[in-house]
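Report on the structure given below.
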Protein chains: 2
Amino acid sequence: MIKEGDRVKVRTEKETIEGVLMPSSETDIVVVKLDNGYNVGIDKHKIRNMKVVEEHKEKKGKKKEVKIKKGLPTIIILGTGGTIASKVDYTTGGVIAKFSPAELLELIPELGKIANIKTELIANMMSEDMMFSDYQKIAATVKKHADKVDGIIIGHGTDTLTHTSAALAFMLEKINIPVLLVGSQRSSDRGSSDGSINLICAAKFIVESDFAGVALCMHATSEDDKCAILSPTKTRKMHTSRRDAFKVINDGPIALVGYKTGKVEFLKKDYLKKSKDKVVIKDKFDDNVILLKTHTNMKHSLFEFLAKNYKAIVFEATGLGHLPTNLGKENLKNYETLKKFIKKGGIVAISSQCLFGRVHPNVYVNLRRLSEIGCVFCEDMLPETAFIKLAWLLSNYKKDAKKMLTENLRGEINKRIEFEEDYLE
Amino acid sequence: MIKEGDRVKVRTEKETIEGVLMPSSETDIVVVKLDNGYNVGIDKHKIRNMKVVEEHKEKKGKKKEVKIKKGLPTIIILGTGGTIASKVDYTTGGVIAKFSPAELLELIPELGKIANIKTELIANMMSEDMMFSDYQKIAATVKKHADKVDGIIIGHGTDTLTHTSAALAFMLEKINIPVLLVGSQRSSDRGSSDGSINLICAAKFIVESDFAGVALCMHATSEDDKCAILSPTKTRKMHTSRRDAFKVINDGPIALVGYKTGKVEFLKKDYLKKSKDKVVIKDKFDDNVILLKTHTNMKHSLFEFLAKNYKAIVFEATGLGHLPTNLGKENLKNYETLKKFIKKGGIVAISSQCLFGRVHPNVYVNLRRLSEIGCVFCEDMLPETAFIKLAWLLSNYKKDAKKMLTENLRGEINKRIEFEEDYLE
């Protein structure tokens, strides 16, 4: 009797496939998880032969006691879920977020040589479901530990890793230690899993450098040779599955950390340093903010809905910051709706779906028309960062929110240089 | 008396700036357009001295007559507006879309050596305002000329150039000649304008190659040395201002065209060839489709609004295709709303805001939950292309729309290879 979890060898007309038998949602399909982590579906009718190579055995948990080593710095790893905390779930054949920080430490003994590791579980979720209340929990936990440890690592799903890093960067108005967000693009049951290396590099960076503040630590290349320390407000997940998916937009990494060499190389000089300053957090967010990407043939009714139901709209506009507001019945109505919305105190912020480059309120007449009614052009700020920032500003700085949106608070804006190279070249 | 349009030299404490005096919306600011096309605002109170270098003279129009040269192929250039058709507008100091195809030809005499050029103005708009009805006008004009010319060039704003190219690629079910969309990232009054070179390369490509079908022709690099012929369905504007902003996502260009060498180098082999086949267009679109990018902390009321007001929702989801539908009150309600929406015949399509890579219905439990209720995972299709394709399919193929969404019709999907490199590496 072959059962799920068994290692099997499946022979079809064309090929022989070896891997772990997974549950299948389709009755005619056999699903096998290959050693590289990829699931392959095989038509049952095409299978000539299937045999068990190795029976599935439940691994028994044996918890090591973690000894405190004197002289080593202390790092706390906070768990929030995500792939970095995931294991293959044989009930469904997919991957769900399972996380116990102690287990994580057991999986990666190298961490124990770098620092005394503490752990705490904050949440257990895939990051697409994050709400502002989750950010608040994370910030509170960071504050609770900041004065007692040398650095904090937050394990987090990659999908909205940069939403959370931006949120944390804004919430932590004063922070005295490094707070590194770490994710994993491949789950830990895969040969190609990146989670361990990202965690080890994060720990090394905390121990070896004088950096303080929020950053990400993820694979710098598709090799396992080094990780990049990345801006919490200018970074974006730019690939669904590559391990080096995280890219700083309009800029480069803060530092590189060699995985085997352990060497930290700073590419930026002007970063915050570790200190004894008291941690200050401002952790409120306003729920009434939306991020909306524009496209062609938009209906006016959507603009009306937004103006009625939100306090602020962050547009991911086209090009230099264009909105469909100039020509045609629907588009002209959009303009009038936004004009009224702003007059009544609503905020309209404009970023670009090009992602690279910056928006500009003056180049075209159509941009000037938006500028005239009070739309705020967010320079080279990422749409997601503008969304997080505005929700945070509205709640913590009220009347100053609009003004502060275009002030560079956490490295989210590279201020325009008068003769800007990329614009002129 | 210094007047707008005059070439002036302005001296402040720190520097001397020379350029054309522009109108300024702020009374305390003098705006000067530099020779590189950039507008500089100067505080009036800081100006020591301003003098006229050259008075503005209205250029008198002198229309050349275009002689038909025997033996040369014929290309028609269709104007729709956009920067490629723009001139500095001295009334506002910005750039508006002004276009007369005859003027364009006068500006770029090189075109006349490559082919006999005809022109027709379809529209005069910046592309952010494009509606499906504009696509229909363009397709009809293409059809009208296709049998009488050797190729068609469509001048178009860059903001939604790839929305239109995708729409045209789908609408033109059969096409026998090359149809190249050409835009310009910098207006023609700038030294760095790219419009002329893009047009010249497009014309050369039409004349020198056997390619048929829809494609873009834009700068391949930030140099003026070559242009790239780009997929109409897999290309995206990835920078607000760079001339080489257009990038094929998950793939490379179809061909390169040397500007000075005139050499055409094909990088793809499997393209459609010129023929005598009859042109077939299917040009209907369904207005009830929306593209929505997800983010954290979304309100359920938006999902409800969409389910009530649209027939299909194309999500620009996070990562491998995740939606906020799993955890927490608002998110779980989103799941139920989408489930009901699909049950009643609505279509939910899923693409990724990572842009690079592909979505996947199986890797995570949360993805499987979406798959189970009938969400369609759009492989490596771009969100904008999925939006255009679905609106087109719904109207022209009704019941088959859902099935055809994941079929590769115009190169918009690179079908999954079983052992996909980027996923495994």
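Letters go in sequence order (proteins before strands), and every chain restarts at 1. FYI, side chains are in, hydrogens and waters are out, and symmetry mates aren't considered; it's all heavy atoms of this structure.
Heavy atoms of B/Thr158 lying under 4.5 Å from chain A are absent altogether. At a 4.5 Å heavy-atom cutoff, the contact between B/His163 and chain A is made by side-chain atoms alone. Contacts of A/Asn331 with chain B are made by side-chain atoms alone, with heavy-atom separations under 4.5 Å and no backbone atom involved. Only the side chain of A/Phe387 comes within contact range of chain B, with heavy atoms under 4.5 Å apart. Within the 4.5 angstrom heavy-atom criterion, no atom of B/Asp134 approaches chain A. Heavy atoms of B/Thr164 lying under 4.5 Å from chain A are absent altogether. Neither the backbone nor the side chain of A/Ser371 comes within contact range of chain B; no heavy atom of the residue lies under 4.5 Å from a heavy atom of that chain. Proximity to chain A is absent for every atom of B/Glu223, based on heavy atoms less than 4.5 angstrom apart.
The closest donor-acceptor contact from the side chain of A/Arg236 to the backbone of A/Lys247 lies at 3.5 Å or more, if one exists at all.
Salt-bridge annotation for B/Glu330 and B/Lys333: present, with a side-chain N of the basic residue lying under 4.0 Å from a carboxylate O of the acidic one.
Heavy-atom pairs under 4.5 Å with chain A were tallied for B/Asp380, B/Leu323, B/Leu355; the largest tally goes to B/Leu323. The residue among A/Thr318, A/Leu327, A/Asp159, A/Ile290 with the most heavy atom pairs within less than 4.5 Å of chain B is A/Asp159. The candidate from B/Glu384, B/Met131, B/Met130 with the greatest count of non-hydrogen atom pairs under 4.5 Å with chain A is B/Met131. Listed options A/Ser133, A/Ser301, A/Cys354, A/Ala245 were ranked by heavy-atom pairs under 4.5 angstrom with chain B; first place goes to A/Cys354. Among B/Leu302, B/Asn309, B/Leu306, B/Thr160, the residue with the largest count of heavy-atom pairs under 4.5 Å with chain A is B/Leu302. When the candidates B/Leu292, B/Ile249, B/Asn288, B/Val289 are compared by the number of heavy-atom contacts under 4.5 Å with chain A, B/Asn288 comes out ahead. Counting heavy-atom pairs closer than 4.5 Å to chain B, the top residue among A/Ser352, A/Ala391, A/Pro324, A/Gly328 is A/Pro324.
Applying side-chain hydrogen bond (donor to acceptor under 3.5 Å, both in side chains) to B/His219 and the options B/Asp244, B/Asp194, B/Asp224 leaves one that passes, B/Asp224. Residue A/Glu316 forms a side-chain hydrogen bond (donor to acceptor under 3.5 Å, both in side chains) with just one option from B/Lys293, B/Gln353, B/His295, and that option is B/Lys293.
Put simply, the side chain of B/Asn297 reaches to within 4.5 Å of the side chain of A/Asp287, judged on heavy atoms. Side-chain contact between B/Asp286 and B/Lys311: present, with at least one pair of heavy atoms (C-beta onward) separated by less than 4.5 Å.
The side-chain tip of B/Arg242 does not point at the ring of A/Phe356 from less than 6.0 angstrom away and within 45° of straight on. Within the cation-pi definition used here (under 6.0 Å to the ring centroid, within 45° of the axis), A/Lys299 qualifies as a partner of B/Tyr310.
Under the side chain to side chain contact (heavy atoms under 4.5 Å, CB included) criterion, A/Ala167 pairs with A/Tyr135, A/Met171, A/Phe285, A/Ile388, sequence neighbours left out.
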